[in-house]
There are 2 protein chains.
Amino acid sequence: MTTLARLQAELGSIVSTDPTDLAAVREDKSGWVAAGIPLAVVRATTTEQVQATLRIASETGTPVVTRGAGTGLAGGACGTDGSIVLSVAGMNRILEIRPEDELAVVEPGVINQDLNDALAAYGLWFAPDPASKAICSIGGNIATNAGGLLCVKYGVTREAVLALTVVLADGRLLKTGHRTVKGVTGYDLTALLTGSEGTLGVIVEATVRVRAITPGEVVTLGAVFPDVASAAAASAAVIAARVRPAVMELIDPVALAMIADYLGPDGSAGLPIEGGAFLLLQTDGPAALAEADQAAAVLRSSGGQVRQSTDPASGERLLAIRRSAHPALAAYGEVLIEDVSVPRSRMAEMFERIAEISARTGVPIPTVAHAGDGNLHPNFVIPIDPLRRIGDPMVPDHIWAAADELFRAALALGGTLTGEHGVGVLKRRWLAEEIGDTSLELQRRIKAVFDPLGILGPDTMFGG
Amino acid sequence: MTTLARLQAELGSIVSTDPTDLAAVREDKSGWVAAGIPLAVVRATTTEQVQATLRIASETGTPVVTRGAGTGLAGGACGTDGSIVLSVAGMNRILEIRPEDELAVVEPGVINQDLNDALAAYGLWFAPDPASKAICSIGGNIATNAGGLLCVKYGVTREAVLALTVVLADGRLLKTGHRTVKGVTGYDLTALLTGSEGTLGVIVEATVRVRAITPGEVVTLGAVFPDVASAAAASAAVIAARVRPAVMELIDPVALAMIADYLGPDGSAGLPIEGGAFLLLQTDGPAALAEADQAAAVLRSSGGQVRQSTDPASGERLLAIRRSAHPALAAYGEVLIEDVSVPRSRMAEMFERIAEISARTGVPIPTVAHAGDGNLHPNFVIPIDPLRRIGDPMVPDHIWAAADELFRAALALGGTLTGEHGVGVLKRRWLAEEIGDTSLELQRRIKAVFDPLGILGPDTMFGG
């Protein structure tokens, strides 16, 4: 019996080989499309189905690509040729909310915003907030250790994961972590699995930490600077003044010009965003206003034109400038979002390197940054080629050459390839350069402990 | 050439076989004394010396016990028979402080308080604050993923570790993590090593995250309740009211009576602590006073007699009640501190279980708790036996039997064996019961990836 016949015999109608389904799971939000055709899509709704799928995959040596909402930005959930794409999008129940213990238990397919909507009734929220929170799933947040706009104050996804239930490559169930706030019994497999991008097991349940909604108002500042260097210096000065913003986002002049075009004059929230660099800052909590005043003073003395807003509507208009970055860029072509991170103090230098690389290669690199974290998203906008066929590479060689220079520049500044998106397929060729041979060897061997046959996400992280 | 001769030939005077030195490293602050005599103590001051020691250990198959300040509470740093005790206490330099990047780079032997003293000049601090912060080292904080009084608001040690340099069992150097705030390239080996209790490698350098000293005043509340159940319920009610205290500590009536004896009438800070249970609460930050008022109202409506203090001296007197717990108990005998953690909502039940176990076994179990975290420290006070010889078990069988009941009760309530002290030697017999066979097998195999000969801390966690 073939692998497909076994899947169909054991799992029935949740196994699809519909060509439309198979095509849809070959891509994610990075623009990457995997070569070849997956064997099948299995749409699991129970842990037992995940176990059955992995048992069959193990017995037949078939690669498995786990997929949630498909909003990844590194190609890690793209169904590769001949693989079983195991979709957990349908495992989307919120199993428990325990206000007294400040935790929730969820299935992996629960959408981040849906959990937050359910928590709001209890005065609680789930802090990890990737830009895609309206459409991304908690399982994917955990698999990539997702970041977002608020981690400068509220931490990354790892800090919000207490316990996991994971199906191993051979179908066995592993439980890690605890429902308690603290716990140090044995190795921290919960943290090891967080950010492992589907290469160590399939998350089927997560116990996440939730927190009280921050009391007090949110104050939003938008500031325009003549150039990116002064905006970067201003953001560093805010941190150096020991202000802890909840959000601090920077948009460079190249990206800002594209956003200004996209939003039109009415969308600029009263700021002259058609020239210069933009810094968006939010403070929250009981001292939000005092902190915002302090930050505004720092921004002004760093050369910024500052607009402050305490009412939600005008704050939202300022935030919309940042939120428009991706659609504004996408109006010009396919967007390849990079994700380097550097120590905060090196951010201005990283912007210089980006400008140099852009000038030398002739490739525009509009860049936005989580400035509070030193996490930059340089973007490559690739004009849509009507002649490109499915399977043709989206990213031309000269763009990869520019990206290569970008990664090396980040590493040279003491930075990292990826602050929050993951290695996936798109960055694996630089992995060894960052982590070194000793770490790579240990990581491959850890992978083999969990997945001796190497069937889980074989093209992700170490593969290919 | 013997192992000892090789150590002496290669490392010279940093190798000690002085019987006083060998005796001193057999114990830690748990009261545990390892059986037998270590082979030697190596007092490393450089990474190269650590590498040389581990190369010799690997080539000769000699066990290595890494030791910092020796303040552990689970026996993990106690030199076992025939082992090399590798002391990194002398690697105590602060290598960098980078205020703009909010990080510091330290050697493992740096004392927690010394780092904080150095950071204070920059308006910064290192948040992990075990009760032993005046005498414990950062390397040990990381090896145990130490907690403390402030983790309810500021997180555990894991959240403060950005990068590690580790010597592997074979002497190779491994670098993990990054100097950036965020970074997800590859598996999170930094988190895996944090809390691994010296069983995966020897930390020789750590890049830690530091943070701005919280502005505003600190407000301290001390509250006395008629019994531990009402105090536990009050602490849960504070969290349920969505107040986020920086410190929330509970002392049960058995411990409080011993502390009252120890402090005498002048030490009670104006509270009738000679009867009942005590809850200590601190709020900090710009809204400290408002949060304290809110918490005080909750405590009063839960039946507490509350005393509030905003001046540092009287706040310190309230805190001294909690700080006196260990010396007060130690006045009665050797103290075996347990460290179970349960979901906050089950804390009152855990106190009931402790009382039942104490009543049934006739063993007094004075208990203090980090109530904001649900982390309880039930203590067994063992009368000092003048006839006990070195090597004799400190903990009599009937105490272990009571401890065994305690651990099972915590696990049954969805809790964990150890919230912050680690498994070490003292809790390894319950490890499998908590984590299960699948996790145990994976963890042993991860251990083998890092330490194939099993020479690092062979009696710790999995060993024995």
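Fair warning: this is a prediction, and the values are worked out from it, not measured in the lab. Numbered from 1 within each chain, the chains take letters A, B, ... in sequence-line order.
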### Residue-level contacts of residues 165-178 of chain A with chain B, using a heavy-atom cutoff under 4.5 Å
A:L168, A:R172, A:L173, A:L174, A:K175
### Query
Taking side chain as C-beta onward, heavy atoms only, is A:T194 less than 4.5 Å from B:D188?
no
Among [options], residue most engaged with chain B (heavy-atom pairs, under 4.5 Å):
{"options": "A:S439, A:G186, A:A287", "answer": "A:G186"}
{"options": "A:P343, A:A212, A:G285", "answer": "A:P343"}
{"options": "A:I435, A:L442, A:L417", "answer": "A:L442"}
{"options": "A:D101, A:V340, A:T438, A:T144", "answer": "A:D101"}

At what distance, to the nearest 0.5 angstrom, does [atom1] of [X] lie from [atom2] of [Y]?
{"X": "B:L431", "Y": "A:T185", "atom1": "CG", "atom2": "OG1", "value": "7.0 Å"}
{"X": "B:K182", "Y": "A:T418", "atom1": "NZ", "atom2": "OG1", "value": "9.5 Å"}
{"X": "A:T214", "Y": "B:R244", "atom1": "OG1", "atom2": "CZ", "value": "8.5 Å"}
{"X": "B:L193", "Y": "A:L192", "atom1": "CG", "atom2": "CG", "value": "10.0 Å"}

Can you tell which part of [X] gets under 4.5 Å to a heavy atom of chain B, answering side chain, backbone, both or neither?
{"X": "A:L440", "result": "neither"}
{"X": "A:E102", "result": "both"}
{"X": "A:H370", "result": "side chain"}
{"X": "A:A448", "result": "backbone"}
{"X": "A:T190", "result": "neither"}
{"X": "A:K447", "result": "both"}
{"X": "A:L189", "result": "side chain"}

#### Entry: Part of B:N375 lying under 4.5 Å from any heavy atom of chain A
side chain
Looking only at heavy atoms and a cut-off of under 4.5 Å, which of [options] has the most pairs with chain A?
{"options": "B:P286, B:G183, B:C151, B:A191", "value": "B:G183"}
{"options": "B:R211, B:E291, B:R346", "value": "B:R211"}
{"options": "B:L103, B:V152, B:L200", "value": "B:L200"}

List the atom of [X], the atom of [Y], and the distance in Å for their closest heavy-atom pair.
{"X": "A:R242", "Y": "B:G123", "value": "CD-O, 3.9 Å"}
{"X": "B:Y187", "Y": "A:M461", "value": "CE2-SD, 3.9 Å"}
{"X": "B:G414", "Y": "A:R179", "value": "O-CB, 4.2 Å"}
{"X": "A:V181", "Y": "B:R344", "value": "CG2-NH2, 3.8 Å"}
{"X": "B:I239", "Y": "A:E100", "value": "CG2-O, 4.4 Å"}

### Message
Just to be sure I understand the criterion: a residue of residues 153-163 of chain B counts if one of its heavy atoms is under 4.5 Å from a heavy atom of chain A. Which ones qualify?
### Response
B:V156, B:R158, B:E159
### Query
When A:V184 is tested against each of B:V423, B:N145, B:T416 for side chain to side chain contact (heavy atoms under 4.5 Å, CB included), which residue passes?
B:N145
